[in-house]
Amino acid sequence: MEVRKVILREDELPRQWYNILADIKCNPPIGPDGNPVTPDALAPVFPMNLIEQEVSSERWIDIPEEVLGVLKIWRPSPLVRAVAFEKALGTPARIYYKNESVSPPGSHKPNTAVAQAYYNKAFGIEKMVTETGAGQWGSALAFACSQFGLECKVYMVRVSFDQKPYRKSMMETWGGKCVPSPSTETQAGRNALEKDPNTPGSLGIAISEAIEAAVSDTSGKTRYSLGSVLNHVMLHQTIIGLEAKKQLEKIGEYPDVVIGCAGGGSNFAGLAFPFVLDKINGKKIDIYPVEPAACPTMTKAPFVYDHGDTARYTPLLPMHSLGHAFVPPPIHAGGLRYHGMSPTVSQLITEGIIEPKAVAQNQVYEAGVLFARTEGIIPAPETNHALATTIDAANQAKEEGKEKVIIVNLSGHGLLDLSSYDRYFANELVDLILSEEEILESEKVFEGFPKPQLLKSL
Ligand SMILES: *Cc1c(COP(=O)(O)O)cnc(C)c1O
């Protein structure tokens with residue numbers, strides 16, 4: 001009988017995360033004094049146990065039992081063969097998707113939210129503050145905080161706050177608080193509103209607000225949390241790829257192509273990094289992070305030092321960036337509207353180990369609708385980017401007449417994003433492509449910043 005779904009037992013859950021910093025070189029983050037950031041400088045922002053993970057170069061890091069205990073609510077997640085999707089595409093490729101939509105908040109994000117809430121609690125923290133784009137991260141952190149008895153405050157990008165009211169309802173159900181960003185609660189928010197009272201907001205602005213709110217709390221019991229981009233977030237997500245590898249092994253498969261959508265890079269990294277390790281060790285695999293053509297960080301923006309947020313509170317990070325002042329167009333895949341990209345994902349791009357792709361809005365929804373009508377699951381708009389590139393890879397396998405194995409990360413479901421599907425059906429989505437002039441304009445902010453070195457890991 002043909003395999004449709006591969007399930008691992010609880011006792012087969014990975015017990016360690018994979019840390020890619022053991023295997024690649026990265027430029028260090030740089031602080032306001034022009035020198036590499038010290039762990040102490042980050043102490044007001046993150047608890048020290050997470051800072052230690054952020055800078056660690058240990059290849060394997062133990063997952064605490066308390067974290068596994070919560071992850072077991074939905075993990076190991078299923079690996080499913082997209083038989084009907086393959087058939088509709090008429091491809092000889094075998095396509096597998098790792099279903100991260102089965103978590104309580106409906107995406108991969110609680111993989112790190114749970115770990116971060118655990119480490120904050122263990123460090124004696126009582127309240128976590130964060131930002132959210134589409135609301136996926138805010139709801140994931142609210143869920144995780146509820147599991148560990150922590151307070152949670154979320155600054156949500158205004159355009160998504162208005163488009164997706166139910167994400168706020170989820171956060172409140174889990175006991176979190178959520179306000180639209182820019183808000184009048186912080187200096188960063190007030191500045192952004194003064195510049196443009198009608199701004200749709202951006203992740204860059206919301207990050208500034210959340211950091212400011214966290215570090216200005218004088219109790220010492222509040223810390224900030226980031227749902228993507230940073231090394232420790234990529235680390236926590238590798239449980240996805242480590243499970244997927246075991247699942248493929250069970251059925252005697254190994255991927256030729258690995259695909260994930262990339263906003264800050266975490267779900268992509270989670271699936272891909274364990275396979276990147278194999279590629280570093282000689283395996284031949286094509287690995288594609290996918291972004292919207294309307295926010296082309298990886299495919300069009302340079303590899304530079306830039307701030308992670310608009311108000312420039314964060315250290316300078318070595319990454320592909322459209323500039324910290326860039327306000328991405330209000331496309332519906334809120335989770336992919338970010339000006340920067342994870343430093344580790346960026347480093348792999350500069351070394352040619354992974355190959356980024358950009359796709360346009362209508363192609364993205366076409367892929368999502370085909371997936372829904374074949375596999376049944378209605379994917380998140382972000383996930384549809386990965387599915388669009390999966391279709392391209394499946395078509396290429398068809399042209400080449402090759403039985404390729406493709407694995408894609410189904411990073412989340414779209415049940416709270418149905419209004420954007422409605423707009424696609426009403427023909428209201430525009431294929432925005434950022435022009436060279438707009439990109440050059442947004443990049444003026446790098447003037448005077450140091451430049452990262454072009455490091456070679458291999
Ligand atoms: C947040 C989100 C993304 C993008 O974030 P990454 O850190 O790049 O993974 C992608 N898909 C879904 C469903 C999300 O919620």
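Indexing begins at 1, ligand by ligand and atom by atom, following the structure's order. The first residue in the sequence is number 1, and the count goes up from there.
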Novice: Given the side-chain rings of Phe85 and Phe371, with only the six-membered ring counted for Trp, is the space between their centroids under 6.0 Å?
Specialist: yes
Novice: Can you give each donor-acceptor pair under 3.5 Å made by side-chain atoms of residues 175-183, sequence neighbours left out, with the distance rounded to 0.1 Å?
Specialist:
{"unit_1": "Ser181", "atom_1": "OG", "unit_2": "Glu209", "atom_2": "OE1", "d": "2.7"}
{"unit_1": "Ser183", "atom_1": "OG", "unit_2": "Glu185", "atom_2": "N", "d": "3.1"}
{"unit_1": "Ser183", "atom_1": "OG", "unit_2": "Glu209", "atom_2": "OE2", "d": "2.6"}

Novice: Is the Phe46 to Tyr224 ring centre distance short of 6.0 Å?
Specialist: yes
Novice: If you draw a 6.0 Å radius around CZ in Phe449, do more than 12 non-hydrogen atoms from other residues or ligands fall strictly inside?
Specialist: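 Count over threshold, so yes.
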Novice: As a test of reading the model: which N/O atoms of the protein lie under 3.5 Å from N/O atoms of ligand 1, and at what distance?
Specialist:
{"unit_1": "ligand 1", "atom_1": "7 (O)", "unit_2": "Ser228", "atom_2": "OG", "d": "2.5"}
{"unit_1": "ligand 1", "atom_1": "7 (O)", "unit_2": "Ser266", "atom_2": "N", "d": "2.9"}
{"unit_1": "ligand 1", "atom_1": "7 (O)", "unit_2": "Ser266", "atom_2": "OG", "d": "2.7"}
{"unit_1": "ligand 1", "atom_1": "8 (O)", "unit_2": "Gly263", "atom_2": "N", "d": "2.6"}
{"unit_1": "ligand 1", "atom_1": "8 (O)", "unit_2": "Gly264", "atom_2": "N", "d": "3.1"}
{"unit_1": "ligand 1", "atom_1": "8 (O)", "unit_2": "Gly265", "atom_2": "N", "d": "2.8"}
{"unit_1": "ligand 1", "atom_1": "8 (O)", "unit_2": "Ser266", "atom_2": "N", "d": "3.4"}
{"unit_1": "ligand 1", "atom_1": "9 (O)", "unit_2": "His108", "atom_2": "NE2", "d": "3.1"}
{"unit_1": "ligand 1", "atom_1": "9 (O)", "unit_2": "Ser266", "atom_2": "OG", "d": "3.3"}
{"unit_1": "ligand 1", "atom_1": "9 (O)", "unit_2": "Asn267", "atom_2": "N", "d": "2.8"}
{"unit_1": "ligand 1", "atom_1": "9 (O)", "unit_2": "Asn267", "atom_2": "ND2", "d": "2.7"}
{"unit_1": "ligand 1", "atom_1": "11 (N)", "unit_2": "Ser411", "atom_2": "OG", "d": "2.8"}
{"unit_1": "ligand 1", "atom_1": "15 (O)", "unit_2": "Lys109", "atom_2": "NZ", "d": "2.6"}

Novice: Could you tell me which residues satisfy ring-ring contact (aromatic ring centres under 6.0 Å, His included) with Tyr365, sequence neighbours excluded, listed by chain and number?
Specialist: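 Testing Tyr365 for ring-ring contact (aromatic ring centres under 6.0 Å, His included), a comparison that skips the adjacent residues, returns Tyr421, Tyr424.
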Novice: Could you work out, with ring-ring contact (aromatic ring centres under 6.0 Å, His included) as the rule, every residue matching Tyr155, not counting sequence neighbours?
Specialist: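 ring-ring contact (aromatic ring centres under 6.0 Å, His included) check on Tyr155 returns nothing, list empty.
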